[in-house]
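Below: one structure, written as structure tokens.
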Amino acid sequence: MKYDFKAIEKKWQDIWEKTKVFEAKDDYSLPKYYALVEFPYPSSQGLHVGHPRSYTALDIISRKRRLEGYNVLYPMGWDAFGLPTENYAIKNRIHPEIVTKQNIANFKRQLKSLGFSFDWSREIDTTDPEYYKWTQWIFLKLFEKGLAYKKEMAVNWCTSCKCVLANEEVVNGVCERCSSEVVRKNKSQWMLKITEYAEKLLNDLDNVDYIERVKTQQRNWIGRSVGAQINFKTTAGDDLVVFTTRPDTLFGATYMVIAPEHPYIEKWSSLIENISEIREYQAQAARKSDFERTEIAKDKTGVCIKGVSAINPANGKEIPIFISDYVLISYGTGAIMAVPGHDTRDWEFAKKFGLPIIEVVSGGDVSKEAYTDCENGIMVNSGFLNGLTVEEAKAKIIEWLAENNIGQKKVNYKLRDWVFSRQRYWGEPIPIVICDKCGFVPVPESELPVKLPMVESYEPTETGESPLAKIESWVNTTCPKCGCPAKRETDTMPQWAGSSWYFLRFCDPHNKDEFASKKALEYWMPVDWYNGGMEHTTLHLLYSRFWHKFLYAIGLVTTPEPYAKRTSHGMILGENGEKMSKSRGNVVNPDEVVEEYGADTMRLYEMFIGDFEKAAPWSTTSIKGCKRFLDRIWALQENLVDEAGYRAEFEGAVHRTIKKVSEDIEELKFNTAIAAMMEFVNEISASGKITKDEYRTLLLLLNPFAPHITEEIWQLQNFGGMLNQASWPAYDEEKCKVQEVEIVVQINGKIKAKMMVDVNIDKDSVIKLAKQEPKIQAELDNKQVVKEIYVPGKLVNIVVR
RNA sequence: GCGGGUGUGGCGGAAUUGGCAGACGCGCCAGACUUAGGAUCUGGUGUUUUCUAACGUGCAGGUUCAAGUCCUGUCACCCGCACCA
């Protein structure tokens, strides 16, 4: 009989669906396992071969856990709000809701064709009002606790999407999505105070099992630095506050710099003698896009503010104040004390503007370059700090600042608040009413969801207003508080909103009264294993941790962290080693692969392709090896003998294979797990037959990787019930051990002979045996033995002179 | 510039605490079965070679009986951040 993968795969997919074997049970007495993959954005291009890499990996974990007796939740859904759908809708004149429905149907068909064991009864869709009702509800909780606020500020504006972007969405000064220019624009925006959770988001990384590079990237993004905040008196009367990580160098501060956007410029405008020159510089800086600003970062520019100066509190000296765009309004206080002797940027600026450079830590040569790596230096030219180490000076100056009420110790973060408004149609409406009398008024809970109005035209506007603003019947409403005429907020939420809590909804997806019941959350959370892309480390992963921590703080979820374990898969590249893309013409369509080789081969190949965490190029020839392997698995049926148990000569191999596959799966080493099964099959095949129990074990081990073919053979050979209801095979550590091993005999580290010995042989006997080898005898002739080494089960090394 | 990572056959990639480098697969070579082979099976396949060995994990040193693995230096590539005070 031929291996007809098409018929087999269809057959089992239907059976699994009908029998609902992969639906998570609501029996909370069972041991649970929550496996999660990032739910996809259903684009019009359909599934990418990269998607199944992640989904197959956790499908393997999920299927293995079920065989191990766990109640497994492995859900799937759609992160369906977002720009590409909207842009596609505009271009093709189809409503985004219809586009989304079509795309979801296509994705679902493709996912089903790969035989993933998702619990489809818990499918969710972020664009479903029953879902986004709760996204809006959580937003209102954030608003209620003061963590959502609206603020006029300079934001990243994508010139092509005509929309505001979060800092996390700007990559190298261009839009993450469309690679168009991003400029700064002043707009009133909804913001979420993620910075309030900076410390928790950072510290709690110590309590979760994430791969190290994810932790490192999040730590860097949060960017904690410890220093001091210092007040400088100015001749204008106001104190200029700065943040510095080097308060020890205060005596070396010879000038100050404020960001072009600093509010004091307006405040001091009547005092500033060269205000027109300053304004010209401000205008120039504002005109630059982020891209330009980083491109020309090398050359320092700036203007000295004439008419106002500051006083260095350490030595009472009057120092000038400059404005320059190398100081960012968004970090620290938007102002710095410049210490050109010990900071590279300040040094360059001082050189260009002829400002004094004072050495305050000895050891370098500040006339040539800034001396920054000076932890081991000694303080000089620093009054009461002279003679101290940098470390001591930091402590002492902070003490002194506090005593004199000039400043104090301060921790600063690079992380900034999350820009939460988007001026686009296809997103969750922000459930706020703007009333002239009452200000921002939350839409009452009973009126949620605030549904997106169905409209004809949803193109973005040139003015930067949301398309919703044009729909008067929707915008005009009454204030829930005072009943006066009022307007709805017309901005929508960013794509990341719906995905910030979806893992909670999976626990209880049909709940009409709550986003999820406490009981369900207590049972299922946290997610035991979450796999997803590295590209989401500072976006989705950080945002969702923030939302979850907020919900924890207000007592609505029961764990401080949403994900116990996080891993990340490498990309699947095109055959030429480049990233797959339409324009490069190297895209592999999963439908075609399934058509030609079947889902089982595709799954197996994606796991065999290489190190799971690293990128790997697709190969249209290599995949054939996986198909051949499955053909051989199928053909083994012809060698099946009516014999129970493992044959004595294969018992060790069976146990070792179970051990290897079981362990490798847990460590994401799918490629070597498959290699171990291939080796096993090679060995068994050579014997010309296979016993029932050998076959059963092999099918169980292979099932998570290739679920269809294994179920089919299981049924054809009457191994009893459905394979997915059986138990994961056990191994006996004792039986994994080999009795006889080949060991290597070396002379001075060079291999001279090999011999078979009993695994438990002692050192003296093995060395005696080794010396009997003719080759070794010859080598030892006329030589003096200096040292004899025996590594059990590996080698003997005889050192001679 | 800072942070993280990677360099192993023709290719994808394997190698517990240092212990036979190249598992497994692709490709290639030879043979078998065949009208046929882009099917299947069997064997071979790091390089050089005087057929005995020598060399071999980006490069140069070092530690060690023994180094892909540890140490020092160095080069290349990839990813993330980037004037973060």
Side-chain angles (χ1 to χ4, degrees), chain A residues 171-173 211-221 223-225 227 242-247 249 253 256-257 259 290 293-294 296-300 324-328 330-339 342-346 348-349 372 412-416 534-535 537-538 570-571 577 604-605 608-611 613-626 628-629 631-632 635 663 669 671-682 685-686 742-751 753-754 786-800:
Chain A
V171 176
N172 292 327
I211 49 169
E212 209 47 46
R213 56 197 172 122
V214 168
K215 286 193 184 184
T216 315
Q217 247 184 62
Q218 287 212 348
R219 284 192 188 112
N220 289 348
W221 189 262
R224 181 178 196 262
S225 39
V242 303
F243 170 74
T244 177
T245 54
R246 295 297 307 276
T249 62
M256 299 188 78
V257 188
D290 272 8
R293 206 155 152 171
T294 48
I296 49 173
K298 298 284 163 281
D299 195 26
K300 297 279 179 290
S324 172
D325 62 6
Y326 85 87
V327 172
L328 310 172
S330 49
Y331 182 76
T333 60
I336 62 155
M337 64 176 215
V339 184
H342 304 278
D343 180 281
T344 313
R345 294 151 305 176
D346 297 345
E348 282 167 15
F349 192 87
T372 54
N412 230 328
Y413 296 94
K414 277 198 234 178
L415 186 70
R416 298 174 209 169
M534 277 308 287
E535 70 276 17
T537 302
T538 55
M571 263 194 297
L604 196 64
Y605 175 60
F608 188 60
I609 194 166
D611 186 330
E613 300 198 332
K614 286 195 209 136
W618 185 269
S619 163
T620 46
T621 52
S622 281
I623 191 171
K624 288 180 183 159
C626 291
R628 274 177 210 154
F629 176 62
D631 282 336
R632 298 182 69 193
E663 289 176 355
K669 289 158 79 178
N671 51 342
T672 50
I674 295 167
M677 288 188 275
M678 287 172 165
E679 270 182 273
F680 179 68
V681 168
N682 287 345
S685 298
E742 186 183 59
I743 67 161
V744 165
V745 185
Q746 301 179 327
I747 299 290
N748 290 345
K750 301 264 187 222
I751 298 158
K754 292 181 182 181
V786 181
K787 204 171 179 181
E788 289 164 341
I789 293 140
Y790 172 51
V791 182
K794 301 269 184 194
L795 57 72
V796 166
N797 189 13
I798 300 169
V799 186
V800 298

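Sequence lines set the chain letters: A, B, ... in the order given, protein chains first and strands last, and positions in each chain run from 1.
If you take atom C1' in rG68(B) and the same atom in rC81(B), they sit 31 Å apart, rounded to whole Å. Rounded to whole Å, the C1' atom of rU42(B) lies 48 Å from the corresponding atom of rG4(B). A distance of about 32 Å separates the C1' atoms of rA23(B) and rU72(B), rounded to the whole Å. Separating the C1' atom of rG27(B) from that of rG73(B) is a span of 39 Å, rounded to the nearest Å. Across the C1' atoms, rA30(B) and rA76(B) are found 40 Å apart, a figure rounded to whole Å. Comparing rU48(B) with rG3(B), their C1' atoms sit 43 Å apart, to the nearest whole Å. When the P atom is compared between rA67(B) and rA14(B), the two are found 23 Å apart, to the nearest whole Å. A gap of 14 Å separates the C1' atoms of rU6(B) and rG13(B), to the nearest Å.
Side-chain atoms of Asp343(A) lie closest to rA85(B) of the nucleotides rU6(B), rC81(B), rA85(B). Listed nucleotides rG12(B), rG3(B), rA85(B) differ in distance to Pro617(A); the shortest reach to its side chain belongs to rG12(B).
Regarding the sugar-base torsion, rG9(B) falls in the syn class, its angle being within 90° of 0.
Base contact: Arg416(A) has a heavy atom under 4.0 Å from a base atom. Across all strands, Asn412(A) comes closer than 4.0 Å to no nucleic acid atom at all (heavy-atom distances). Here Thr344(A) lies out of heavy-atom contact (under 4.0 Å) with every strand. At a threshold of 4.0 angstrom between heavy atoms, the contacts of Lys750(A) are confined to the sugar-phosphate backbone, with no base atom among them.
Side-chain polar atoms of Asn682(A) and Arg632(A) form a donor-acceptor pair below 3.5 angstrom.
Residue Thr537(A) has no polar side-chain atom (N or O) positioned under 4.0 Å from OP1 or OP2 of rG80(B).
For the side-chain hydrogen bond (donor to acceptor under 3.5 Å, both in side chains) test, no residue two or more places apart in sequence or in another chain qualifies with Gln217(A). Partners of Tyr413(A) according to the ring-ring contact (aromatic ring centres under 6.0 Å, His included) rule, which considers only residues two or more places apart in sequence or in another chain, do not exist here. Not counting sequence neighbours, the partners of Trp618(A) by the ring-ring contact (aromatic ring centres under 6.0 Å, His included) test are Tyr605(A). Checked against salt bridge (charged side-chain N to carboxylate O under 4.0 Å, His left out), Arg219(A) has the following partners two or more places apart in sequence or in another chain: Asp206(A), Glu212(A).
Atom pair Tyr790(A):OH and rC65(B):C1' shows a separation of 17 Å (rounding to whole Å applied). In this structure, CG of Asp631(A) is placed 10 Å from C1' of rU40(B), rounded to the nearest angstrom. Here the P atom of nucleotide rA14(B) and the CE atom of Met677(A) are 16 Å apart, to the nearest Å. What separates NZ of Lys215(A) from C1' of rG80(B) is a distance of 18 Å, to the nearest Å. Distance Asn220(A) CG to rG4(B) C1': 8 Å, rounded to the nearest Å. Nucleotide rC83(B) holds its P atom 13 Å from the CD1 atom of Ile336(A), rounded to whole Å. The NZ-C1' distance, from Lys669(A) to rA15(B), rounds to 9 Å in whole Å. Taking atom NZ on Lys300(A) and atom P on rG1(B), their separation rounds to 14 Å, with Å as the unit.
Lys300(A) forms a cation-pi arrangement with Tyr326(A), by the criterion of a distance under 6.0 Å to the ring centre and an angle within 45° of the ring axis.
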Exercise. Can you check side-chain contact (heavy atoms from CB on, under 4.5 Å) on Asn748(A) and Val800(A), steps first, answer last?
Worked result: CA-CA 7 Å; Asn748(A) 290 345; Val800(A) 298; 3.7 Å; yes
Seminar exercise, completed: With sugar-phosphate taken as primed atoms, P, OP1 and OP2 and all else as base, the protein-contact string of nucleotides 17-33 of chain B at under 4.0 Å (heavy atoms; B, S, -) is --BBS-BBSSS------
Exercise. How does RNA chain B read in dot-bracket, base by base from 5' to 3', with Watson-Crick or G-U pairs under 3.5 Å and | used when the partner is on another strand?
Worked result: (((((((..(((......[....)))((((((.......))))))(((....)))..(((((..]....))))))))))))....
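Taking for each of Lys787(A) and Tyr331(A) the nucleotide of RNA chain B with the nearest heavy atom, the 5'-most of the two is the partner of Lys787(A).
Summarising the geometry of Met256(A) relative to Val242(A), their closest heavy-atom pair is CE-CG1, 3.4 Å, with the distance given to 0.1 Å.
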